[in-house]
Amino acid sequence: MKELKTLTDIGLNILCEAKVPDLSTLMVDVGFGTCVEMTHTEILSYIPKKISILTASVADLESKIVAQQTNIRIVTAGMAEMKRELKCG
């Protein structure tokens with residue numbers, strides 16, 4: 001495959017037809033708005049590293065979600081207790 005025709009998002013979900021004349025290297029978004037030109041071999045070695053980073057990030061976010069859910073339950077229980085005390089009191 002020498003050339004690739006594709007659609008690319010140019011912002012606000014507006015698509016534009018694009019032609020990639022040379023597929024020997026591709027631009028890869030590595031995060032923080034930075035793109036790096038890589039060969040297919042470099043991309044194939046980059047992907048498992050990126051998956052590992054993203055997996056760790058997901059695990060961290062999941063633990064933060066659990067902590068926030070716990071805090072919400074504690075506050076909700078406290079508010080319910082205060083409401084009961086006001087009704088009885």
Side-chain angles (χ1 to χ4, degrees):
M1 183 186 268
K2 295 277 183 192
E3 184 178 280
L4 173 71
K5 289 183 183 179
T6 185
L7 293 176
T8 187
D9 187 344
I10 59 173
L12 301 173
N13 291 324
I14 298 171
L15 299 176
C16 178
E17 190 173 299
K19 221 186 269 190
V20 182
D22 178 19
L23 294 174
S24 62
T25 61
L26 298 171
M27 299 299 289
V28 177
D29 183 348
V30 295
F32 300 107
T34 304
C35 290
V36 176
E37 188 173 3
M38 294 184 189
T39 65
H40 291 268
T41 304
E42 291 170 328
I43 292 169
L44 290 175
S45 74
Y46 170 76
I47 290 171
K49 295 172 190 170
K50 185 65 174 185
I51 288 172
S52 176
I53 291 167
L54 292 173
T55 301
S57 179
V58 167
D60 180 52
L61 291 172
E62 286 174 339
S63 69
K64 288 179 181 179
I65 288 169
V66 169
Q68 287 294 350
Q69 288 173 331
T70 301
N71 289 340
I72 290 169
R73 283 189 202 103
I74 291 169
V75 169
T76 303
M79 290 171 62
E81 180 64 29
M82 289 173 62
K83 186 176 178 181
R84 280 192 295 275
E85 288 179 10
L86 287 172
K87 281 185 178 180
C88 294

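Just so you know, these numbers use all the heavy atoms, side chains as well, and skip hydrogens, waters and symmetry mates. When a residue number appears, it is its place in the shown sequence, counting from 1.
- With Ser57 as the partner, the side-chain contact (heavy atoms from CB on, under 4.5 Å) test is satisfied by one option alone out of Ile53, Leu61, Thr55: Leu61.
- Atom CD of Glu42 and atom CG of Leu26 lie 10.5 Å apart (nearest 0.5 Å).
- The cluster map of Ile, Leu, Val, Met, Phe, Trp and Tyr, joined by side-chain heavy atoms under 4.5 Å apart, puts Val28 and Leu54 in different clusters.
- Between Ser63 atom OG and Gln68 atom CD the span is 10.5 Å, to the nearest 0.5 Å.
- Taken to the nearest 0.5 Å, the OG1 atom of Thr8 stands 12.0 Å off from the CD1 atom of Ile14.
- Note on Leu23: it clusters hydrophobically with Val36, by side-chain heavy-atom contacts below 4.5 Å among ILVMFWY residues.
- Under the 4.5 Å side-chain heavy-atom criterion for Ile, Leu, Val, Met, Phe, Trp and Tyr, Ile74 and Met82 are members of distinct hydrophobic clusters.
- Put simply, Leu4 and Leu44 are part of two different groups of oily side chains (I, L, V, M, F, W, Y) that touch within less than 4.5 Å, one to the next.
- Rounded to the nearest 0.5 Å, atoms CD1 (Ile72) and CD (Gln69) are 7.0 Å apart.
- Partners of Glu81 by side-chain hydrogen bond (donor to acceptor under 3.5 Å, both in side chains), not counting sequence neighbours, listed by chain and number: Arg84.
- In this structure, Ser24 and His40 approach most closely via the heavy-atom pair O-CD2, 3.8 Å.
- Closest approach of Thr34 to Asp29, counting heavy atoms only: O-OD1, 3.4 Å.
- Applying the side-chain hydrogen bond (donor to acceptor under 3.5 Å, both in side chains) rule to Thr25 yields the partners Glu37; only residues at least two apart in sequence or on another chain are considered.
- With hydrophobic clusters built from ILVMFWY side chains whose heavy atoms lie under 4.5 angstrom apart, Ile10 does not share a cluster with Leu7.
- Between the Thr70 side chain and the Val66 main chain, a donor and an acceptor come within less than 3.5 Å of each other.
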